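The sequence lines fix the lettering, A, B, ..., with proteins before strands; numbering per chain opens at 1. Model, not experiment: these values are computed from the prediction.
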Number of protein chains: 2
Amino acid sequence: MKRTTKNIFYSESTEKTARFAKALGHPVRLTILKHLSNLSCCHTGDLVDILPLAQSTISQHLKELKDAGLIQGEVNPPKVKYCINIENWHKAQQLFDTLFKEDFSKISCC
Amino acid sequence: MKRTTKNIFYSESTEKTARFAKALGHPVRLTILKHLSNLSCCHTGDLVDILPLAQSTISQHLKELKDAGLIQGEVNPPKVKYCINIENWHKAQQLFDTLFKEDFSKISCC
DNA sequence: ATTTTATATCGCAAATATACGATGAATGTT
DNA sequence: AACATTCATCGTATATTTGCGATATAAAAT
């Protein structure tokens with residue numbers, strides 16, 4: 001990325017929606033979230049058993065989900081229990097809801 | 001990316017959701033979609049006027065939205081009129097709906 | 001005190017994404 | 001025919017993402 005010419009500013013909701021969408025934009029991370037929904041919670045190790053990826057890779061995906069605010073981890077060394085961050089999950093849900101509620105019914109030109 | 005060890009396969013819905021989410025995961029593309037929702041349709045030039053980005057950059061973002069299936073373009077040289085691809089838009093809406101409908105109410109561990 | 005367990009982080013390589021200017025293509029205008 | 005308009009695509013530079021193995025960390029088990 002360059003963005004040398006100008007810094008673009010977007011609305012708060014646009015920024016947030018993009019942030020969430022980006023985090024959701026990888027099948028591994030969706031699989032992790034789906035797994036979390038089945039088990040309520042899980043440890044990194046559970047995911048390592050399921051996904052054919054290195055532990056470090058999965059840890060990285062978890063970090064991204066965490067940074068995006070979609071999950072949270074309860075450290076309990078040497079284990080970490082992950083689960084959905086409900087508050088932000090609902091926020092994301094709401095943002096996508098709004099996005100998809102755009103009224104495209106009037107379109108007839110294409 | 002390498003993925004040399006194994007090729008991972010995900011469910012159809014996971015793949016599709018990730019595809020849509022990825023396309024939505026950039027503020028410029030969300031802005032384009034928002035603009036399309038306001039005007040029903042628009043030309044590349046309209047977006048160039050609004051966004052402080054080079055025409056080629058915007059064209060590239062439009063291509064990604066088109067490749068993801070979220071928009072469609074009606075070529076009418078030298079102009080191209082873009083609008084939402086309603087069918088896929090609804091499909092995306094449904095996929096995100098399903099994703100966010102995951103029941104996390106039972107969570108109490110974190 | 002050493003080893004084991006579970007996880008995060010670092011450093012690297014390859015792939016992909018983002019952005020730009022230049023150029024090409026298609027049509028309309030002069 | 002030459003030019004203008006509108007847009008896509010190419011080539012390139014840089015940034016970010018994805019993935020891995022190796023290593024670090026922190027507590028429990030031996």
Next on the checklist: Just verifying a value: how many Å separate B:L62 CG and B:I71 CD1, rounded to the nearest 0.5 Å?
Outcome noted: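 One gets 4.5 Å once the value is rounded to the nearest 0.5 Å.
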
Quick one: is [N] close enough that its OP1 or OP2 comes under 4.0 Å of any side-chain N or O from [X]?
X	N	value
A:S59	C:dA8	yes
A:Y82	C:dA6	no
A:K63	C:dT7	no
A:T44	C:dA8	yes
A:H61	D:dT17	no
B:K22	C:dA17	yes
A:H43	C:dT5	no

Please report the distance, rounded to the nearest Å, between [atom1] in [X] and [atom2] in [N].
X	N	atom1	atom2	value
B:L62	D:dC7	CG	P	9 Å
A:I58	D:dG19	CD1	P	10 Å
B:K81	C:dT27	NZ	P	17 Å
A:E74	D:dA27	CD	C1'	15 Å
B:D46	D:dT6	CG	C1'	11 Å
B:L24	C:dA17	CG	P	14 Å
A:D67	D:dT16	CG	P	14 Å
B:D49	D:dT5	CG	C1'	13 Å

Item to check | Closest nucleotide among C:dC20, D:dT18, C:dT18 to the B:A54 side chain | outcome: C:dC20

Checklist entry - Which of the following nucleotides, C:dT7, D:dA22, C:dC20, is nearest to the side chain of A:S56? => result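 So the side chain of A:S56 is nearest to D:dA22.
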
Next on the checklist: Run A:Y82 and A:I32 through side chain to side chain contact (heavy atoms under 4.5 Å, CB included) and show every step you take.
Outcome noted: CA-CA 10 Å; A:Y82 282 105; A:I32 290 172; over 6 Å; no

Item to check | B:Q94 CD: over 12 foreign heavy atoms closer than 6.0 Å | outcome: no

Item to check | Parallel, tilted or perpendicular, as decided by the 30° and 60° cut-offs, for the rings of B:H26 and B:H61 | outcome: tilted

Next on the checklist: Is there, by distance only and without an angle test, a donor paired with an acceptor across the side chain of B:Q60 and the base of D:dA8 below 3.5 Å?
Outcome noted: no

Checklist entry - Is there a donor N/O on one and an acceptor N/O on the other, under 3.5 Å, for the side chain of A:Q55 and the base of C:dA6? => result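 No pair found.
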
Checklist entry - Within the side chain of B:T17, is there an N or O that forms a donor-acceptor pair under 3.5 Å with the backbone of B:S13? => result yes

Next on the checklist: Under 4.0 Å, counting only non-hydrogen atoms across every strand here, what does A:P77 touch: a base, just sugar-phosphate, or nothing?
Outcome noted: sugar-phosphate

